[in-house]
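One structure below.
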Amino acid sequence: MDQLDAMRIFLRVAELASFTQAATSLGLPKASVSGAVQRLEPQLGVRLLQRTTRRVQLTQDGQAYYERSRDLLADMEELHGMFSRDATRLTGRLRVDMPASLARLGLLPRLPEFLAQHPGLALELGCSDRRVDLVREGFDCVIRVGALADSSLVARPLGLLRQINCASPAYLARHGVPQGLDDLAAHRIVHYQSVLGGQAPVFEYLDGAGLCCSLPMEAALTVNATDAYAAACLAGLGIIQSPRAGLRAYLAEGRLVEILPDYAAPPLPVHLLYPNRRHLPRRVQAFMGWVAEALGDYLQA
């Protein structure tokens, strides 16, 4: 096993934070994976991983080595691809993460065409509302909805998701259809939070000057997943404020009804984030270009 093999093994251990899971994913004995990293550390003269009985964590030196190793291996794959029989063929693994609803409704229906064009690619798609650590968890790029936190990642704007207010016919039959903000005192909302136990429930809206305002409201239920958010509204548990694109089928079927159209919440920005590297692998560049086009119609809904 040469140093490049050891480097690849280390990257997988770092991404999965587990020697056992890395060994399984690589199809190697756990002893081989552990031994490769143990030989690598004295060669470099630093400790790369902090091992405990419960978890494996990157040290500060390990984090730096991880980032440089990923760039180096990507550059090598790119270089080798230049001299292959088919230099336009894309190969290798892509790790991508995005919100579940965006994947289910916006990306997955179009994904077969991309994979048919590039049969040499293997795509690992994370779909959750949890905000992953792109570098720490080894993702090539992620799609995020909402305001961005400051980071060293490069952000490519993809568009905006227009939000609407809606409720189920059964809920409106019980509580009435609100005609203005004053009517909301007799209503309740379903509260969405990606991390439970934080901000109090509010109804957000844009005023006449385009400023975002918040109106405190009662919430009988708080959820931390977009699918549960829509399901709670369908069950008649309250009003939700959500991207229209994800609710189109329910609106068309009459299972949800749009209300207070003049008091919509601000649109949500959608960004594609990726590491600030000198050279992105061609497979990552190709995927990012395709996903920007594939999500165009969905984001404009």
Side-chain angles (χ1 to χ4, degrees), residues 1-78 92-100 122-144 146 148-155 193-198 224-225 271-281 283-284:
M1 183 181 297
D2 60 23
Q3 191 161 3
L4 283 178
D5 290 331
M7 185 185 297
R8 291 188 179 94
I9 290 172
F10 162 74
L11 289 177
R12 199 61 174 152
V13 172
E15 289 166 359
L16 298 176
S18 167
F19 284 95
T20 301
Q21 292 182 35
T24 300
S25 68
L26 293 170
L28 295 172
K30 182 181 177 182
S32 298
V33 171
S34 179
V37 176
Q38 289 175 0
R39 289 189 296 273
L40 192 58
E41 289 178 323
Q43 291 172 7
L44 297 171
V46 296
R47 177 175 286 277
L48 299 173
L49 298 169
Q50 187 68 42
R51 306 163 180 82
T52 68
T53 55
R54 290 191 172 185
R55 60 186 307 184
V56 176
Q57 283 185 301
L58 286 168
T59 64
Q60 187 172 355
D61 289 328
Q63 182 68 49
Y65 183 74
Y66 172 84
E67 295 175 13
R68 294 296 299 273
S69 297
R70 260 188 116 221
D71 288 348
L72 176 60
L73 289 174
D75 288 345
M76 289 186 64
E77 290 178 7
E78 190 82 4
R93 178 179 62 95
L94 267 170
R95 295 195 80 204
V96 182
D97 187 83
M98 65 181 62
L123 179 63
E124 294 181 5
L125 181 60
C127 303
S128 70
D129 292 340
R130 178 181 69 90
R131 292 207 166 187
V132 302
D133 185 326
L134 186 150
V135 175
R136 175 71 180 82
E137 299 181 50
F139 286 94
D140 293 296
C141 60
V142 300
I143 297 175
R144 287 184 179 160
L148 295 177
D150 292 336
S151 75
S152 60
L153 301 175
V154 180
Q193 282 190 308
S194 57
V195 179
L196 296 177
N224 65 351
H271 289 89
L272 186 61
L273 303 182
Y274 57 95
N276 188 8
R277 298 208 296 246
R278 291 178 297 110
H279 302 293
L280 284 173
R283 62 177 177 272
V284 180

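Taking 4.5 Å as the limit, every side-chain heavy atom of Cys141 sits out of range of all side-chain heavy atoms of Leu273. With a 4.5 Å cut-off on side-chain heavy atoms, Leu11 and Ile9 do not count as touching. Considering only heavy atoms from C-beta on, Leu40 comes within 4.5 Å of Tyr65 through its side chain. By the 4.5 Å heavy-atom criterion applied to side chains, Val96 and Val142 are not counted as neighbours. Within the 4.5 Å cutoff, side-chain heavy atoms of Arg283 are placed close to those of Leu94. Using a 4.5 Å cut-off on side-chain heavy atoms (C-beta onward), Phe19 and Val37 make contact.
To the nearest 0.5 Å, atom CD of residue Gln57 and atom CD of residue Gln63 are 11.0 Å apart. A distance of 7.0 Å separates CG of Asp97 from SG of Cys127, quoted to the nearest 0.5 Å. Distance check: Asn224 CG to Gln193 CD gives 9.0 Å after rounding to the nearest 0.5 Å.
In terms of heavy atoms, Lys30 sits closest to Thr20 at NZ-OG1, 3.4 Å. For Pro275 against Leu153, the heavy-atom pair with the smallest separation is CA-CD2, 4.0 Å. Of all heavy-atom pairs spanning Phe10 and Gly62, the tightest one is CZ-O, 3.8 Å. Closest heavy-atom contact between Met98 and Ile143: CE-CD1, 3.4 Å. Among all heavy-atom pairs drawn from Leu48 and Glu41, the shortest one is N-OE2, 2.8 Å. Residue His271 comes nearest to Ala155 through the heavy atom pair CD2-CB, 4.1 Å, listed as atom of the first residue, atom of the second, then distance.
Counted by atom type alone, Ser34 and Gln38 present one or more donor-acceptor pairs between their side chains at under 3.5 Å.
Counting non-hydrogen atoms of other residues, nucleotides and ligands closer than 6.0 Å to CD of Gln43 gives a total above 12.
In terms of the side-chain hydrogen bond (donor to acceptor under 3.5 Å, both in side chains) criterion, Ser18 has no residue partners (sequence neighbours excluded).
We find that Arg93 and Glu15 are joined by a salt bridge, their nearest charged nitrogen and carboxylate oxygen being less than 4.0 Å apart.
Looking only at distances, a side-chain donor or acceptor of Thr59 sits under 3.5 Å from a matching main-chain atom of Arg47.
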task = Check the pair Asp140, Arg95 against side-chain contact (heavy atoms from CB on, under 4.5 Å), reporting the backbone distance first and the verdict last.
result = CA-CA 5 Å; Asp140 293 296; Arg95 295 195 80 204; 4.1 Å; yes

